Amino acid sequence: GAGVSQTPSNKVTEKGKYVELRCDPISGHTALYWYRQSLGQGPEFLIYFQGTGAADDSGLPNDRFFAVRPEGSVSTLKIQRTERGDSAVYLCASSLSGGKTEAFFGQGTRLTVV
Amino acid sequence: AQTVTQSQPEMSVQEAETVTLSCTYDTSENNYYLFWYKQPPSRQMILVIRQEAYKQQNATENRFSVNFQKAAKSFSLKISDSQLGDTAMYFCAFMKRNTGTASKLTFGTGTRLQVTL
């Protein structure tokens, strides 16, 4: 596609449920990033993929959060046993490669846990 | 660890005027990049301008320019001839320069800019 696509745009879930957030990066981009943006804050890094492997997952807050990118393209962020504190906008970005090249962001998924 | 501080939660400017948004950062790294991103209500982060720390010359992109003071760890954004479409949240961000691998962005808390008629 022309840009980074994230689905769904909005997701409301009940506390304790499992959710999956999808990111479809720009075709050919090998690097993919997930960030979380809480209300009134800047985005915070969660995890970075280079190809299929997670090169840096130091930002994942706990073991309820997991992300995969099995074929080196689409990525899914998975959250188990959701809590109200998980409510935020989850942003995905991709770039041609790491480091010097510009990262392009999607429009995010707004997750609300009720 | 790096930190990025934006001390102006909100700013307002009249159309066609000039406004400066402030950003300071703290790092022990010597090689890094600094960015300003714009986030309109659509939530999509859009790159406005990028500065490489080893370059002394301040970056410019059309109406947008930066004042990069490496010793002071300051990186302000100047928007000239402000337009209504500039209304958005603006985030300052830091990225360590890695050779061959990606590096995460560290963002500030943002400045909400309102351009008025």
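Computed from a predicted model, the values in this text were never measured in an experiment. In the text below, chain A, chain B and the rest are named by the order of the sequence lines, each starting its count at 1.
Heavy-atom proximity under 4.5 angstrom to chain B picks out A:Gly106, A:Gln107, A:Gly108, A:Thr109, A:Arg110 from residues 106-114 of chain A. Contacts between residues 82-94 of chain A and chain B, counted as heavy-atom pairs separated by less than 4.5 Å, involve A:Val89, A:Leu91. Of residues 8-21 of chain A, those residues lying under 4.5 Å from chain B by any heavy-atom pair are A:Ser9, A:Asn10. Scanning residues 59-71 of chain B against chain A with a 4.5 Å non-hydrogen threshold yields no residues.
Within a 6.0 Å radius of CD in B:Gln83, other residues, nucleotides and ligands contribute more than 12 heavy atoms. Few gaps surround NZ on B:Lys73; more than 12 heavy atoms of other groups in view lie less than 6.0 Å from it. The local environment of CG in B:Leu84 is crowded, with over 12 non-hydrogen atoms from other residues, nucleotides or ligands closer than 6.0 Å. In this structure, A:Phe66 places its CZ atom where only 12 or fewer heavy-atom neighbours from other residues, nucleotides or ligands lie under 6.0 Å away.
Grouping the Ile, Leu, Val, Met, Phe, Trp and Tyr side chains by contacts below 4.5 angstrom, directly or via other members, places B:Phe35 apart from B:Val48. Under a hydrophobic-cluster definition in which Ile, Leu, Val, Met, Phe, Trp and Tyr are linked whenever side-chain heavy atoms come within less than 4.5 Å, directly or via other members, A:Tyr48 and A:Leu60 are assigned to different clusters. At a threshold of 4.5 Å between side-chain heavy atoms, the hydrophobic network of Ile, Leu, Val, Met, Phe, Trp and Tyr places B:Tyr25 and B:Tyr33 in two separate groups. Clustering ILVMFWY residues whenever any of their side-chain heavy atoms sit less than 4.5 angstrom apart, transitively, puts B:Ile49 in a cluster other than the one holding B:Phe107. Residues B:Trp36 and B:Leu47 fall into different hydrophobic clusters, defined by Ile, Leu, Val, Met, Phe, Trp and Tyr side chains chained together at heavy-atom separations under 4.5 Å.
Residue A:Gln37 touches chain B through its side chain alone, counting heavy-atom pairs closer than 4.5 Å.
Atom CD of A:Glu102 is separated from atom CD1 of B:Ile46 by 10.5 Å, given to the nearest 0.5 angstrom.
A distance-only check finds no donor-acceptor pair linking the side chain of A:Tyr35 to the backbone of B:Lys104 [under 3.5 Å].
Annotation: maximal heavy-atom pairing with chain A below 4.5 Å, among B:Val4, B:Thr109, B:Thr106, occurs at B:Thr109. Interface summary for chain A: among B:Pro9, B:Ala93, B:Ser42, the most heavy-atom pairs under 4.5 angstrom belong to B:Ser42. Each of B:Met89, B:Gln6, B:Gln39 has some count of heavy-atom pairs under 4.5 Å with chain A, and the biggest count is that of B:Gln39.
Ring centroid separation for the pair B:Tyr37 and A:Phe105 comes in under the 6.0 Å cut-off.
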